[in-house]
K.L.:
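Take this structure first; my questions come after.
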2 protein chains.
Amino acid sequence: MTAQGKAHRDASYGLLTAIAGEAGVSLSTVSKVVHRRRDVGAATRARVEELLSRYGYVRPGERDPAMPQQIVAVFRDLSGPYTLEVVRGIVAAADELGIDVVTGTTGHRSISQWLQESVALGAAGLIIVISMLSEEDQRRIVEQRLPVVLIDPLSAPSHDIPSIGVTNWSGARDAVQHLVALGHTRIGMAAGRAHSLAGAARLHGYRAALEEAGIAYDPAIVRSTDFDFEEGLIASLQILGAENPPTAVFAASDAQALGVLEAARQHGLSVPGDLAVMSFDDTLVAAMACPPLSAVRQPFEELGHEATRVLLHLAEGRPPASPRIELATELVLRTSTSVPRGAHTAPGHGASDPQGKDVRTDSYVEPRDMGGDKVLGVSGGSTTNGVQVR
Amino acid sequence: MTAQGKAHRDASYGLLTAIAGEAGVSLSTVSKVVHRRRDVGAATRARVEELLSRYGYVRPGERDPAMPQQIVAVFRDLSGPYTLEVVRGIVAAADELGIDVVTGTTGHRSISQWLQESVALGAAGLIIVISMLSEEDQRRIVEQRLPVVLIDPLSAPSHDIPSIGVTNWSGARDAVQHLVALGHTRIGMAAGRAHSLAGAARLHGYRAALEEAGIAYDPAIVRSTDFDFEEGLIASLQILGAENPPTAVFAASDAQALGVLEAARQHGLSVPGDLAVMSFDDTLVAAMACPPLSAVRQPFEELGHEATRVLLHLAEGRPPASPRIELATELVLRTSTSVPRGAHTAPGHGASDPQGKDVRTDSYVEPRDMGGDKVLGVSGGSTTNGVQVR
DNA sequence: CTGAAAGCGCTTACAG
DNA sequence: CTGAAAGCGCTTACAG
């Protein structure tokens with residue numbers, strides 16, 4: 001009396017009848033095996049199950065194994081050079097397993113609509129990239145029991161929802177340590193959104209590096225703004241206009257770093273001669289900027305790859321290895337950072353080698369040829385709450 | 001005796017029985033309506049159909065209207081800044097209609113596998129972006145009867161498969177006419193793959209503009225290569241090393257144009273002072289290059305949008321308006337093009353205004369702020385085989 | 001643990 | 001054009 005008419009039967013007529021004949025049991029018994037009744041002997045059940053799967057019988061309501069499996073990946077928008085890299089990572093990981101990826105944005109449809117959609121599709125799970133989740137969204141996600149993984153959520157998510165990001169704090173710390181090692185003692189920051197997880201972590205990494213170097217934190221040369229170009233420009237104009245301006249600025253994103261470059265231009269400062277600029281992200285534009293930007297590289301493609309792996313792990317009913325995974329960043333040195341004007345030797349604070357002399361400061365860096373970039377350090381390793389992964 | 005057990009029935013038990021009661025007919029009659037037998041009176045049929053849809057009855061084998069509709073979009077790979085724009089166009093157009101987009105690459109799965117996958121998903125259709133289709137692929141596409149639309153196919157496809165691209169020929173012609181109007185008479189070309197549709201069209205647009213200006217075509221300053229940076233660089237080194245080198249080079253892609261810039265650097269030529277460089281594509285990197293590149297802009301996002309519209313049009317069973325649609329390109333002027341050194345007045349060939357004086361040659365162009373770019377001309381209009389669209 | 005028997009929802013050949 | 005009747009594939013309450 002339950003779900004028998006609600007069928008998604010696969011084939012033919014007397015399929016169960018035929019199986020009953022072949023198994024040498026009655027149709028009743030086959031029917032009980034199909035409905036997973038317990039009043040069937042183990043040997044009989046095994047024999048019938050074997051025949052059922054041999055004949056490709058699909059239980060009513062059960063997912064047809066011939067039906068392609070899917071996952072859904074939604075983005076705040078599909079702009080920004082990092083987006084494509086994340087998509088590529090997700091699609092590559094899914095493709096290897098023959099799983100389809102439905103790609104969408106939260107522009108036309110809300111997160112809870114996407115959640116419904118994913119369920120309607122019978123998707124294995126949902127990846128939500130760089131979005132703000134309301135309490136309501138989080139509640140629904142937990143209620144739906146659909147596997148969900150967040151990439152770089154803007155706010156700290158419930159611990160019931162696994163999230164993946166990068167080592168923002170230590171990546172920022174490495175970057176600023178490098179500037180310190182080059183001899184800079186006056187370092188500003190075009191910081192990101194103070195209320196975003198990543199923005200706060202990068203700011204604190206910056207502060208940690210200063211503190212370790214015995215440099216006082218000066219709010220006059222730090223501004224927290226949105227991660228974009230315009231805000232980065234406005235913030236940088238203020239920072240460079242400070243009474244005691246910095247010789248180096250660390251930007252919390254590539255877009256903001258482009259704002260720093262523009263502000264330097266407006267102030268008549270040459271980069272890196274008068275001002276060293278360090279960025280965070282290392283998307284395509286970092287290598288393309290004039291001059292090419294040194295930057296903390298986020299492994300965007302790997303973020304997508306890892307998110308997919310975690311999602312499919314959850315979809316198999318296994319618990320998440322960790323509610324939070326952070327992938328390592330890398331410090332990539334290009335021409336925008338050098339020793340401060342007038343400094344003849346880098347003091348070498350020891351945190352990381354200065355190496356300013358090895359950084360190419362005059363040649364053009366073609367973005368498709370990263371061979372010339374110098375990768376100085378890898379932050380944090382792949383960690384799950386501090387534990388090494390793989 | 002045909003496909004009745006192969007059900008995807010939707011609900012409950014006496015649904016048809018209940019409808020029979022409500023319609024005041026026998027169950028037999030309802031059954032006949034469901035199976036579209038012809039021996040049912042029109043009035044009776046209408047009454048029963050009405051009740052069937054009111055109760056949300058889904059015919060066996062018929063697509064459940066509650067099931068989300070999908071389209072599939074496959075790319076050769078998900079790299080290159082244009083890819084994201086095309087994806088964005090497709091997703092935006094689909095999102096408006098509540099349709100999901102499955103995104104994949106032809107890296108792990110062949111085109112014919114994607115064709116099968118699309119059918120298995122019950123997708124409304126398949127968009128294939130910038131790929132080489134074998135004869136076999138084309139045959140299968142036509143056989144499958146699944147709606148398929150090609151974006152920028154590398155080879156001329158069968159006329160049975162609609163394709164969408166841009167006005168490569170007239171876009172290239174406009175670009176070269178502009179260089180001519182600036183006063184250049186010695187113009188080289190880092191041309192694209194000679195055997196690709198787009199590459200051939202761009203080369204012929206270049207030749208047409210030269211011919212119209214009465215300038216002889218000189219193969220010594222033209223090289224056809226792959227659309228990438230390395231090939232563009234090698235070709236440009238040869239072109240700039242010619243006995244009588246050009247004062248301007250037209251590149252068939254942004255990546256090749258970056259190769260031209262690098263070759264100019266290696267030859268000690270300043271851009272645009274010693275060499276004007278014109279590009280084709282106008283992806284993110286064109287505006288980011290040093291100096292920012294003048295370029296023929298391809299409407300990538302619009303390509304995705306239009307492809308989706310055509311696909312859904314086909315999916316409704318309507319014939320394609322045209323087997324081939326070409327969207328207009330735009331000429332975007334930045335700092336990489338100016339009058340040739342020594343030329344004091346532009347001769348003004350009249351094809352397009354020189355306007356070299358209005359082009360910013362010294363200020364930094366922020367890619368997110370295209371307001372400063374100068375759009376000179378729009379090529380071709382939106383055409384379907386020359387006929388205006390929309 | 002198994003199956004004969006009754007029953008359910010639906011389909012169809014056939015009589016009118 | 002309609003429906004009574006036979007039948008099909010499957011399920012389940014029940015007897016053993």
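Each chain gets a letter, A, B and so on, in the order its sequence line appears, and its residues count up from 1. Small disclaimer: the values here were computed from a predicted structure and weren't measured.
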K.L.:
For the P atoms, the ones on C:dT2 and on C:dA6, what distance do you get once it is rounded to whole angstrom?
P.N.:
23 Å

K.L.:
Counting only heavy atoms not in B:E316 (residues, nucleotides, ligands), do more than 12 fall under 6.0 Å from its CD?
P.N.:
yes

K.L.:
Round to a whole Å and report the spacing from CZ of B:R59 to P of C:dG9.
P.N.:
20 Å

K.L.:
Is it the case that A:Q70 and B:Q70 place a side-chain donor and acceptor less than 3.5 Å from each other?
P.N.:
yes

K.L.:
Using whole Å, report how far NZ of A:K32 lies from P of C:dT2.
P.N.:
8 Å

K.L.:
Is it true that the side chains of B:S163 and B:R324 contain a donor and an acceptor less than 3.5 Å apart?
P.N.:
yes

K.L.:
Can you see whether A:S31 engages A:S28 through a side-chain donor-acceptor pair at a distance of less than 3.5 angstrom?
P.N.:
no

K.L.:
Below 4.0 angstrom, N of the basic side chain to O of the carboxylate: do B:R54 and B:E49 qualify?
P.N.:
no

K.L.:
List in numerical order all residues of residues 20-29 of chain B for which some heavy atom is under 4.0 Å away from an atom belonging to DNA chain C.
P.N.:
B:L27, B:S28

K.L.:
Take the protein atom CG of B:L16 and the nucleotide atom P of D:dC8, then report the distance between them rounded to whole Å.
P.N.:
20 Å

K.L.:
Could you check which of D:dT11, C:dT12, D:dT2 has an atom nearest any side-chain atom of B:V40?
P.N.:
D:dT2

K.L.:
Rounded to the nearest angstrom, tell me the gap between atom CZ in B:R36 and atom C1' in C:dT11.
P.N.:
16 Å

K.L.:
What is the distance, rounded to the nearest whole Å, between atom CG of A:L15 and atom P of D:dC10?
P.N.:
7 Å

K.L.:
Quick check: do B:V101 and B:V72 have side-chain heavy atoms less than 4.5 Å from each other?
P.N.:
no

K.L.:
Starting at CZ of A:R47 and ending at C1' of C:dT2, how long is that distance when rounded to a whole Å?
P.N.:
12 Å

K.L.:
If you only use heavy atoms from C-beta on, which nucleotide in C:dT2, D:dG9, D:dC1 is closest to the side chain of B:D39?
P.N.:
D:dC1

K.L.:
Pick one: which of A:I19, A:L16, A:V40 meets side chain to side chain contact (heavy atoms under 4.5 Å, CB included) with A:V33?
P.N.:
A:V40

K.L.:
I need the CZ-P distance between A:R45 and C:dC1, as an integer number of Å.
P.N.:
9 Å

K.L.:
Represent DNA chain C in dot-bracket notation, 5' to 3'. Only Watson-Crick or G-U wobble pairs with both distances under 3.5 Å count; pseudoknot-style crossings use [ ] and interstrand partners use |.
P.N.:
|||.||||||||.|||

K.L.:
Given B:E143, which partner from the list B:R140, B:R139, B:R145 fulfils the salt bridge (charged side-chain N to carboxylate O under 4.0 Å, His left out) test?
P.N.:
B:R139

K.L.:
Nearest whole angstrom, please: distance from the P of C:dC10 to the NE2 of B:H35.
P.N.:
10 Å

K.L.:
At under 4.0 Å, does any side-chain N or O of A:T44 touch on OP1 or OP2 of C:dC1?
P.N.:
no

K.L.:
Using a strict 4.0 Å threshold on nitrogen-to-oxygen distance, state whether B:R109 and A:D100 make a salt bridge.
P.N.:
yes

